[in-house]
2 protein chains.
Amino acid sequence: MATTLETSATVGIGYRSDGPSRLILDQLADKWSMTVLAFLDRPRRFNEIKRHLDGVTQRVLTHTLRRLERSGLVARRVLTTSPIGVEYSLTPLGESLLEPLSHLYAWTDANLDDIRAHQLAYDQRVRG
Amino acid sequence: MATTLETSATVGIGYRSDGPSRLILDQLADKWSMTVLAFLDRPRRFNEIKRHLDGVTQRVLTHTLRRLERSGLVARRVLTTSPIGVEYSLTPLGESLLEPLSHLYAWTDANLDDIRAHQLAYDQRVRG
DNA sequence: CAGCATCCTCGAGGATACTG
DNA sequence: CAGTATCCTCGAGGATGCTG
């Protein structure tokens, strides 16, 4: 099972399904994580985040933040205010992730129309 | 690894949950899509891909390839050989996606140990 | 060889109610 | 305000068998 490293020497993209990239993808590919990371350009309160993510429930947002905190991407800080407050912010590790992600966003913006056109053409080809 | 890009500290990352990046993430974040893309450094036959993805079923691989084809990232070509064959390859659009993805892979490789350490520490703190 | 047709499992995500 | 605690839905993914 020790797979050899014969994969994609041409392209030079070191992705393997059992590799570390899989782990990161699993971390980010849920419904809200990336939106949360993008919103944490400054420290934000729990309900502030919740209001920003239209439709998220408390339970799911809590789970999302816990997972990001667990991986060291987000820091959680309890404020000893009158009603207790909790502040979430990006860690340096979390901030460093924004840069590679921005490349993906840029690609998306540049190719979205192309993708949509392909999808539309495919659907018409299959249906009609 | 401190990039001199000054984008990370500011909002400069144009991600929104209702934006196009969401669409791309939904496309790539399934269990096999990225592995398939990485494996298509050259045209590959269906069963060739299936053998490479350890554990994937025919049904799921078919669906994965259909989705990638629908978005224009992968091309499907039927070979009129003795037993019919099908060849899958990256489109230029699909190839262009590998570059931004490689940034994500590089980040992952550079920070995997850090992430794993955070997760371990978190689990012990919470008492798992 | 490369599928499609069924059936089934399992967990992410949501609805709702309660609380320190 | 920022959470838990239950319960439920829904679809991705898997198992298995059949076929042009």
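Just the heavy atoms: all of them, side chains too, but no hydrogens, waters or symmetry mates, feed the values below. Since we're looking at a predicted model, the values are computed, not measured. Chain letters run A, B, ... following the sequence lines, proteins first, then strands; residues in each count from 1.
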Task: Spacing between I84(B) atom CD1 and dC1(C) atom P, to the nearest angstrom - done: 13 Å
- [ ] Could you state the atom-to-atom distance from CG of D54(A) to P of dG14(C) in whole Å?
- [x] 11 Å
Task: Check ion pair E48(B)-R42(B) (N to O, under 4.0 angstrom) - done: yes
TODO: Go through residues 64-74 of chain B and report each residue with a non-hydrogen atom lying under 4.0 Å from DNA chain C, sorted by number.
DONE: R66(B)
TODO: Would you mind checking if R77(A) and E87(A) are paired as a salt bridge, meaning a charged N to carboxylate O distance below 4.0 Å?
DONE: yes
TODO: Select one nucleotide: of dG14(C), dG3(C), dG3(D), the one nearest the side-chain heavy atoms of T57(A).
DONE: dG14(C)
Open item on the list: Is there, by distance only and without an angle test, a donor paired with an acceptor across the side chain of R59(A) and the base of dG3(D) below 3.5 Å?
Closed with: no
Task: Side-chain donor-acceptor pair present, R76(B), Y88(B), cut-off under 3.5 Å - done: yes
- [ ] Could you please name the option among dG13(C), dA2(C), dA2(D) that lies closest to any side-chain atom of V60(A)?
- [x] dG13(C)
Open item on the list: For a salt bridge (Lys or Arg N to Asp or Glu O under 4.0 Å) check, start with the C-alpha distance between R51(A) and D54(A), then their side-chain angles and the critical distance, and finish with the verdict.
Closed with: CA-CA 6 Å; R51(A) 259 176 270 118; D54(A) 198 54; over 6 Å; no
TODO: Provide the closest heavy-atom pair for L93(A) versus N111(B) in the form atom of the first, atom of the second, distance.
DONE: CD1-OD1, 3.3 Å
TODO: Could you check how far CD of Q58(A) sits from C1' of dT4(D), rounded to whole Å?
DONE: 10 Å
Task: Rounded interatomic separation in angstrom, taking CZ from F46(B) and C1' from dC4(C) - done: 11 Å
- [ ] Can you tell me the distance, in whole Å, between the CG atom of L61(A) and the P atom of dA15(C)?
- [x] 14 Å
- [ ] Look at K31(B) and dG14(D) and indicate whether a side-chain polar atom (N or O) is within less than 4.0 Å of OP1 or OP2.
- [x] yes
Task: Nearest-Å distance for atom pair CG/C1', residues D30(A) and dG11(C) - done: 13 Å
Task: Closest approach of D30(B) to S33(B) (non-hydrogen atoms, all atoms of both residues) - done: OD2-OG, 2.6 Å
Open item on the list: Main chain of S96(B), side chain of W107(A): is a donor-acceptor contact present, judged purely on distance under 3.5 Å?
Closed with: yes
TODO: Whole angstrom is fine here: how far is it from NZ in K50(A) over to P in dG14(C)?
DONE: 11 Å
Open item on the list: When you measure from the side-chain N and O atoms of Y88(A) to the phosphate of dC1(D), is any distance below 4.0 Å, counting only OP1 and OP2?
Closed with: no
Task: Options dA2(D), dG14(D), dG3(C), nucleotide nearest the side-chain atoms of T62(B) - done: dG3(C)
Task: side-chain N/O R76(A) vs dG3(D) OP1/OP2, d < 4.0 Å - done: yes
- [ ] Could you tell me the separation between the NE2 atom of H63(B) and the P atom of dA2(C), rounded to a whole number of Å?
- [x] 18 Å
